[in-house]
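Chain letters run A, B, ... following the sequence lines, proteins first and then strands; every chain starts at 1. Every heavy atom of this structure was used, including side-chain atoms; hydrogens, water molecules and symmetry mates were not. The structure displayed is predicted, hence computed values, not measured ones.
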Amino acid sequence: MEDLILAGDEKLAEIKANQEKWLEERQKIKDRPDKFETVSGMSVNDLYTPLDLKNFDYQKDLGFPGQYPYTRGVQPNMYRGRLWTMRQFAGFGTAKDSNQRYKYLLAKGQTGLSVAFDMPTIMGYDSDHPRALGEVGRVGVAIDSLQDMETLFSGIPLDKISTSMTINAPAAILWAMYIATGEKQGVRSEQLTGTIQNDLLKEYIAQKSWIFPPEPSLRIITNIFEYACQYVPRWNTISISGYHIREAGSTAVQELAFTLADGFAYVEAGIKAGLNVDDFAPRLSFFFNAHMDFFEEVAKYRAARRIWARRMKEKYGAKNPRSWMLRFHTQTAGCSLTAQQPENNIIRTAFEGLSAVMGGTQSLHTNSMDEVLALPSEKAVEIALRTQQIIAYETGAANVIDPLAGSYFVEALTNKMEEEAEKYFAEIEQRGGVLACIDQNFFQQEIADAAYSYQRNIDAKDRILVGVNEFVNPDEKIEIDLLKIDPQVEKDQVARLQKLRRERDNIRVNETLDALRRAFQGSENVIPYILDCVRAYATEGEIIQVGREVFGEYREKPVF
Amino acid sequence: MARVRVLMAKPGLDGHDRGVKVVARALRDAGMEVVYTGLHQTPEEIVEAAIQEDVDIVGLSILSGAHMTLIPRVNELLKENGASDIVVIGGGTIPEEDVLALKEGGWAKEIFTPGTPLENIVEWINSHVKSKDN
């Protein structure tokens, strides 16, 4: 048994001798002229053997599922206990439209909700702000006040479902609206489960939906950690996201390294704010991309768990095993989908989803084939969800825990991902930390370089994309139904918002906003003040405006 | 021969700047002078920058679905400011029928959608746009 991976020195010498013999024969045969590298441009050998895992130590490097360093997964029985949560990201138009889509998804067997907000909501503008023109309800649902949130979850009991909200700069406000919606339904905040993305560092790095500068953003984030720990203990207070870093064009290693570096920065911010690491670290969660290179992705997830566990235990002194566990959501790569022959995207998504499952994800969103063209249609969303159900119930992938462990290739690649990530951590530290790197445009330039070289490779056909630069249908006519947002949505939303402004108790709104301003200026936890504003039906834009006045706005120094 | 001056701009609220940056770099590598506005620009800010930088062409990258509002708006403002000689092109996730509407309406000279090789964009600009300084 031991010679499978833990080969002794003698065995290794024998293997090495045999490998040399094989190599002699093998080199006589010509390879295809292609480059053999991962989708991230990392070169790979043609064969992996025990020689690639010379210092491999099963106990130290892998251990058992549910045990440190969690390389094999965070639960002892993984998917035999509970399958991953099938969580399709959705939201468009008005709160009422999205409410109907959520009910449709729940009826089809989806097990958690994931809210997409429109750009004005993401950027902290009310629907009637001039900058919101043309964008209301386009890429997600428009939420201006508690009233919209109540409609969004009408008939959906918040103590029965978990909800993930993709919201960052205004995360505290939308979270407060969710808590207040719970109050209206008679659900206590202690019962609520879900996630807010709330990861501002990756906004400055990749997703670019920032409002305030980094320091006040980090303060609000640590306020959320603290508040949740007391009042919303089952909530994931942050989803530290590599997804957008990858979508912006990074390599797998960059996604892994920059995301974990952000994670460490949040941990350090929490500790600096006086919190005990074990009070907030168990509620930190992660969000990764699943791109097309199957093995590279599996190795990335495994390496992520191992690195996180080691750092949390050894560097930050966390004692609670839950602080060591890296739990993550995965979404298949939007950037891997092609506008050409969009049906092929179903197949791409299936492989990507399978890699996430083989990598031990806690929840998964599979993209719809038409997302590269427009918002997904109902049919496309159903196929995407069915893809997950097929992985879960037909492929056998959920039967065995961490089934690729022990593959010479996957273990060598997992080690390589960890080593390369460590190099980035050292460089980030040497440059003065994550905030300094953002300021120096370090991450942004690394990602832009990787994106450019990827595109150049495609243009030069060094990388083949089926239907794009090879196997093209020149007469292709795309015949799939696209979901269109009626421009009336914006008009109706603006009308509803203006009616709310007329009918609510405006004296109370102003009082709560004034109190919030003082809290922003001081050093108290701001969440109770935001909750008061929300309960008074202050709008998101009004609350953010107070923050803009106190903290100012972040400005990027664009690089390309 | 003077080099073509390009303003690459990102109107609207979304942060998807992968495409605009890749295109900006390809145009620069092809010998054009490229200015990139950065994210979250209003049509007013873009037109002001285009005039100030005295560019020959503006490339608008939009992935938020707001193209039917934003591209015409940039055109109108260019016209109002006496700068309608500046060529406007667009790129992003823009459905075929909107591409046609934008081109037929005279709002955009060309629209490049996902999967377009960078070389095609370079060639299009080289064959349709001449530097004003020539």
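Within the structure, side chain to side chain donor-acceptor pair (under 3.5 Å) contacts touching residues 51-60 of chain B (residues at least two apart or in different chains) are B:R5-B:E53.
The ring-ring contact (aromatic ring centres under 6.0 Å, His included) check on A:F89 picks up nothing, with sequence neighbours excluded. With sequence neighbours left out, the ring-ring contact (aromatic ring centres under 6.0 Å, His included) criterion links B:Y36 to no other residue.
Separating the CZ atom in A:R138 from the NE2 atom in B:H67 is a distance of 7.0 Å, to the nearest 0.5 Å. The CD atom of A:E135 sits 6.5 Å away from the CG atom of B:D14 when rounded to the nearest 0.5 Å.
Residue contact with chain B, scored on non-hydrogen atoms closer than 4.5 Å, is absent for A:P487. Contacts between B:V20 and chain A at a heavy-atom distance below 4.5 Å are absent for every atom of the residue. Only the side chain of B:D17 comes within contact range of chain A, with heavy atoms under 4.5 Å apart. Using a 4.5 Å cut-off between heavy atoms, A:D449 touches chain B through backbone and side chain atoms alike. Heavy-atom distances place no part of A:E203 under 4.5 Å from chain B, backbone and side chain included.
Heavy-atom minimum distance, A:Q340 versus B:P114: NE2-O, 3.1 Å.
Contact annotation: the side chain of A:I122 never approaches that of B:L13 to less than 4.5 Å [non-hydrogen atoms, C-beta and beyond]. The side-chain heavy atoms of A:F560 and B:L27, taken from C-beta on, include no pair separated by under 4.5 Å. Counting heavy atoms from C-beta outward, B:K21 and A:V559 have side chains that approach closer than 4.5 Å.
Listed by sequence position, B:G38, B:L39, B:H40, B:T42, B:E45 are the residues of residues 38-47 of chain B in contact with chain A, using a 4.5 angstrom heavy-atom cutoff.
Per-residue heavy-atom pair counts under 4.5 Å with chain A were compared for B:R25, B:M8, B:M68, and the maximum is reached by B:R25.
At distances below 3.5 Å, not a single donor-acceptor pair connects side-chain atoms of B:R18 with backbone N or O atoms of A:A451.
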